[in-house]
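Source: prediction; values computed, not measured. Lettering of chains follows the sequences in order, A, B, ..., and the numbering in each one begins at 1.
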2 protein chains.
Amino acid sequence: MSDLLERLRRRGWRMTSQRRVVAEVLDGDHVHLTADEVHARAARRLPEISRATVYNTLGDLVSIGEVTEVSTDGRAKRYDPNAHRPHQHLVCSNCGTIRDVHPTGDPLADLPAEERFGFTVSEAVVTYRGLCAACA
Amino acid sequence: MSDLLERLRRRGWRMTSQRRVVAEVLDGDHVHLTADEVHARAARRLPEISRATVYNTLGDLVSIGEVTEVSTDGRAKRYDPNAHRPHQHLVCSNCGTIRDVHPTGDPLADLPAEERFGFTVSEAVVTYRGLCAACA
DNA sequence: TCTTGACTTGGACTCGGTCAATCGTAGGAT
DNA sequence: ATCCTACGATTGACCGAGTCCAAGTCAAGA
């Protein structure tokens with residue numbers, strides 16, 4: 001059932017049938033769909049939903065922090081509803097499968113001051129790459 | 001002077017005027033140009049060079065391992081000639097400036113076995129984000 | 001139920017990148 | 001030095017991902 005939908009309602013997000021199906025499609029763990037995949041799945045329940053609406057809704061969800069954008073392959077961005085707990089990604093270099101992972105330690109601590117070039121560093125995004133069990 | 005050009009010559013890479021200017025444009029530290037930027041700079045020295053040639057040449061350089069692709073913003077890929085020594089990237093969230101950085105420690109070691117989902121993990125790509133001195 | 005501002009739509013458009021047919025040339029062979 | 005030819009360069013059409021806009025629709029408060 002949809003945690004995401006519940007949180008959105010609580011925020012007073014204006015709820016439309018389009019936004020509801022997009023939120024429902026995104027629900028779950030290890031979900032990393034492209035905008036077109038979201039559109040295709042949403043269209044199974046609401047055939048007239050337009051691409052622009054899916055892009056708008058995803059963009060809104062990202063800007064309010066309920067969904068994060070992941071771009072692991074330089075192709076289409078993927079949308080990750082698991083924004084409530086920080087995590088990194090493990091990607092199969094062959095088939096593109098993505099898993100959420102929780103490394104120990106803080107990568108920010110591994111960047112010495114003299115390697116910061118005066119930046120105020122706030123975040124470290126880690127992508128682990130390798131071959132999944134099926135592709136190895 | 002061009003280390004890259006020298007390495008390419010040593011590999012027996014067929015040298016054309018187009019390939020030479022692309023290699024020259026890419027020479028240096030903290031260089032992270034988009035394909036279009038490479039094309040623009042190359043065209044200053046060789047006005048008739050085509051976009052397709054730049055893409056072909058960059059693709060070739062990547063596949064022989066002399067240049068690496070970096071995609072930090074989900075927009076155009078950037079090309080990094082500093083492929084001979086492993087490093088990560090520090091990106092300004094505001095202006096997009098990129099610096100090469102060398103964190104201590106091995107991020108691969110921070111991913112416990114039970115978080116590997118049966119993958120053979122071979123690489124960790126880290127992108128540090130923050131604000132550069134000028135943007136802060 | 002009415003009203004209205006927010007949301008949705010379809011289509012044109014942009015940007016980054018790829019492809020294929022044709023032309024040109026680097027560099028080995030003579 | 002020149003000739004040949006396979007490999008590289010060029011042009012322009014094309015593609016996928018994403019954005020934009022003007023017009024239509026509708027959720028939800030009064």
Q. Salt-bridged, B:Arg51 to B:Asp36, with N to O below 4.0 Å?
A. yes
(Q) Regarding A:Arg41 and A:Glu37, does a basic nitrogen lie under 4.0 Å from an acidic carboxylate oxygen? (A) no
Q. Ion pair present between A:Glu69 and A:Arg78, side-chain N to carboxylate O less than 4.0 angstrom?
A. no
Q. If the sugar-phosphate is the primed atoms plus P, OP1 and OP2 and the base is the rest, what is the B/S/- string for nucleotides 19-30 of chain D, using protein heavy atoms under 4.0 Å?
A. BB-----BBS--
Q: Answer yes when B:Arg99 and A:Glu115 have at least one side-chain N-carboxylate O distance shorter than 4.0 Å, and no when they do not.
A: no
Q) Think B:Thr53 has a side-chain N or O under 4.0 angstrom from the OP1 or OP2 of D:dT10? A) yes
Q | Interatomic distance, B:Leu61 CG vs D:dG8 P [rounded to whole Å] | A | 12 Å
Q) If we ignore angles and hydrogens, is there a donor and acceptor under 3.5 Å between the side chains of A:Asp80 and A:His30? A) no
Q: For A:Glu69 and D:dA17, give me the distance from atom CD to atom P, rounded to whole Å.
A: 15 Å
(Q) Students should find this one: the first and last nucleotides of DNA chain C, 5' to 3', lying under 4.0 Å from a heavy atom of chain A. What are they? (A) C:dG5 to C:dG10
Q: Let me know which of B:Arg44, B:Arg19, B:Arg45 forms a salt bridge (charged side-chain N to carboxylate O under 4.0 Å, His left out) with B:Glu24.
A: B:Arg45
(Q) Measuring only between side-chain heavy atoms, which start at C-beta, is A:Val121 closer than 4.5 Å to B:Leu90? (A) yes
Q.
Let me spell it out: for each of B:Arg78 and A:Asp60, pick the nucleotide of DNA chain C with the closest heavy atom. Which residue's pick is nearer the 5' end?
A. A:Asp60
Q.
Between the opening five pairs and the closing five pairs of the helix from C:dT1-D:dA30 to C:dT30-D:dA1, how far apart are the helix axes, to 10°?
A. 30°
Q) Pick from A:His89, A:Arg85, A:His84: which one makes a side chain to side chain contact (heavy atoms under 4.5 Å, CB included) with A:His87? A) A:His89
Q | Contact summary for A:Leu5 and A:Ala23, nearest pair of heavy atoms | A | CD1-CB, 3.5 Å
Q.
Please give me the minimum heavy-atom distance between B:Ala42 and B:Val21, naming the atom from each residue.
A. CB-CG2, 3.9 Å
